[in-house]
Number of protein chains: 2
Amino acid sequence: MAVDLDDIDWAIIEQLQQEARISLSELGRRVRLSASATTERVRNLESLGVITGYHAVVDLTRVGYPVLAVVRLKYPGNRHQPLHRLLAERREILECLRTTGDDCYTLKVAATSMAHLEVLMGELADFGSTTTSVVYSQTLPARGPARP
Amino acid sequence: MAVDLDDIDWAIIEQLQQEARISLSELGRRVRLSASATTERVRNLESLGVITGYHAVVDLTRVGYPVLAVVRLKYPGNRHQPLHRLLAERREILECLRTTGDDCYTLKVAATSMAHLEVLMGELADFGSTTTSVVYSQTLPARGPARP
DNA sequence: GTCTTCTGCCGCGATTCTCCCGGTAGCATC
DNA sequence: GATGCTACCGGGAGAATCGCGGCAGAAGAC
């Protein structure tokens with residue numbers, strides 16, 4: 001499952017984690033490789049599934065979602081289909097992790113207001129008992145892994 | 001704080017959330033605008049702080065971090081500096097949210113093995129009591145917000 | 001030793017994109 | 001109707017991308 005990556009691969013990954021929109025020639029300059037060799041490396045990392053995508057990140061508050069919450073969902077049954085349907089419909093749910101422990105799922109939810117959050121919590125409560133924590137701040141800007 | 005965005009801005013945001021490395025001309029084609037107008041809009045979204053960055057996402061397993069965990073940290077004191085230092089040093093900590101409720105912080109941690117996770121948990125336990133849940137799977141690929 | 005194959009890199013030319021500019025349509029304001 | 005303003009378009013210089021052939025070094029066969 002794990003792919004082995006040399007220093008240059010890691011340098012490429014670090015750069016693209018930070019600034020995904022730099023040109024391949026600029027990236028090549030930074031990792032000291034020609035543009036064509038860099039292109040080949042990047043394509044390779046993509047097709048190996050090491051790099052899974054490139055995403056713009058937006059400021060949730062500035063686009064109208066000032067409320068962010070972490071929800072833990074304790075889900076008694078085994079019937080996961082309806083939850084999956086909700087995840088697909090409700091774009092306010094930004095992330096959903098299935099975990100060990102008492103709380104089967106941990107979700108990250110964005111809301112336009114506390115009233116909106118209340119509505120979303122109502123929908124989630126259909127599936128089991130929830131524990132909600134509102135986020136004060138992102139202490140860390142989300143980031144990717146470094147070389148082990 | 002919130003910026004008001006029209007349909008075209010949202011179309012641009014949606015496209016760049018999905019595929020951040022498309023060219024500005026291609027983006028322009030998709031949102032039915034000339035390349036130069038598109039460029040101007042994107043620059044504007046960046047300088048308004050709506051778009052905060054572009055990041056490559058990697059497959060954690062394929063780069064050597066097969067273990068992902070969500071850690072809740074109950075932090076009794078008020079002295080947050082040491083934790084901030086740990087966050088800066090330890091790149092295995094991918095995300096850190098400060099939240100309401102009993103557990104002051106919620107972290108996302110990547111580890112190379114359970115043994116490695118154990119070490120990381122030991123370091124976090126210095127700050128307070130922790131609750132760790134290992135992640136089975138990401139039910140949802142992390143995504144950004146849609147138009148409210 | 002040397003022949004073959006393979007891998008990773010480079011350089012080149014055709015196409016495409018980016019960047020910066022001036023120009024213009026629409027819409028207020030005076 | 002003159003003036004500014006905003007958002008857009010088009011054009012041209014320069015840069016980036018893409019696909020190709022070619023080359024150096026390593027590995028393996030004999």
Side-chain angles (χ1 to χ4, degrees), chain A residues 1-65 144-148, chain B residues 1-65 144-148:
Chain A
M1 205 71 221
V3 175
D4 61 16
L5 304 168
D6 63 17
D7 302 288
I8 297 179
D9 289 323
W10 272 105
I12 288 173
I13 289 169
E14 296 262 359
Q15 289 297 324
L16 291 178
Q17 279 180 343
Q18 288 175 43
E19 290 185 72
R21 274 185 68 82
I22 56 173
S23 71
L24 292 168
S25 348
E26 173 59 24
L27 180 58
R29 257 169 250 133
R30 297 190 191 177
V31 304
R32 297 175 192 288
L33 225 54
S34 73
S36 41
T38 309
T39 306
E40 207 175 328
R41 290 245 188 186
V42 172
R43 298 274 171 274
N44 193 235
L45 290 171
E46 289 167 1
S47 67
L48 287 173
V50 172
I51 294 175
T52 59
Y54 305 93
H55 306 288
V57 173
V58 305
D59 182 310
L60 289 170
T61 300
R62 288 200 170 83
V63 299
Y65 292 96
R147 185 162 197 181
Chain B
M1 203 73 221
V3 176
D4 63 16
L5 303 169
D6 63 16
D7 302 288
I8 297 180
D9 289 323
W10 272 104
I12 288 173
I13 290 169
E14 296 262 356
Q15 290 298 323
L16 290 178
Q17 279 180 343
Q18 288 174 45
E19 290 186 72
R21 274 185 67 83
I22 56 173
S23 71
L24 291 167
S25 348
E26 173 58 24
L27 179 59
R29 258 169 248 131
R30 295 190 191 178
V31 303
R32 296 177 191 291
L33 225 53
S34 73
S36 41
T38 309
T39 306
E40 206 174 332
R41 289 243 188 190
V42 172
R43 299 273 171 275
N44 194 233
L45 291 171
E46 289 167 0
S47 66
L48 288 173
V50 173
I51 295 176
T52 59
Y54 306 93
H55 305 287
V57 174
V58 304
D59 182 311
L60 289 171
T61 300
R62 288 199 169 83
V63 297
Y65 291 97
R147 185 163 197 179

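Naming convention: chains lettered A, B, ... in sequence-line order (proteins, then strands); numbering from 1 in each chain. Excluded from the calculations below are hydrogen atoms, water molecules and symmetry mates; all remaining heavy atoms, backbone and side chain alike, are included. The structure displayed is predicted, hence computed values, not measured ones.
- C:dC21 atom C1' lies 16 Å from atom CZ of B:R43, rounded to whole Å.
- Residue side chain B:S36 reaches the base of D:dG10 through a donor-acceptor N/O pair under 3.5 Å, judged by distance alone.
- Among the protein residues, A:S25 comes within range of the sugar-phosphate backbone only, with heavy atoms under 4.0 Å from sugar or phosphate atoms but none that close to a base.
- Between A:D4 atom CG and C:dG8 atom P there is a gap of 11 Å when expressed in whole angstrom units.
- For A:R29, the side-chain atoms get nearest to D:dA16 when compared with the rest of D:dC18, D:dA16, C:dG8.
- Residue-level contact check: B:S23 touches the backbone only, with heavy atoms under 4.0 Å from sugar-phosphate atoms and none from bases.
- Across A:T38 and A:G28, no two heavy atoms sit closer than the pair OG1-CA, 3.1 Å.
- Taking for each of A:A37 and B:I22 the nucleotide of DNA chain C with the nearest heavy atom, the 5'-most of the two is the partner of A:A37.
- Shortest non-hydrogen contact noted between B:I22 and B:Q15 is CD1-CB, 4.4 Å.
- Taking atom CD on B:E26 and atom C1' on D:dC18, their separation rounds to 16 Å, with Å as the unit.
- Using a 4.0 Å heavy-atom cutoff across all strands shown, A:E40 reaches at least one base atom of the nucleic acid.
- Taking atom CZ of residue B:R21 and atom P of nucleotide C:dC17, one finds them 14 Å apart after rounding to whole Å.
- For the pair A:N44 CG and D:dC18 C1', the interatomic distance rounds to 17 Å; values are reported in whole Å.
- Atom CD1 of B:I8 is separated from atom C1' of D:dA7 by 10 Å (rounded to the nearest Å).
- The nucleotide whose nearest atom lies closest to any side-chain atom of A:L33 is, among C:dC9, C:dC19, D:dC18, C:dC9.
- With respect to B:E26 and B:R29, a salt bridge is recorded, a charged nitrogen being found less than 4.0 Å from a carboxylate O.
- The distance from atom CG of A:D6 to atom P of C:dT7 is 16 Å, rounded to the nearest whole Å.
- Nearest nucleotide to the B:T39 side chain, out of C:dC19, D:dC9, C:dC9: C:dC19.
- Using a 4.0 Å cut-off between a side-chain N of Lys or Arg and a carboxylate O of Asp or Glu, B:R30 and B:E19 qualify as a salt bridge.
- The CG atom of A:L24 sits 14 Å away from the P atom of C:dC17 (whole-angstrom rounding).
- Salt-bridge check for A:R147 with A:D9: failed, with every basic side-chain N at 4.0 Å or more from each acidic carboxylate O.
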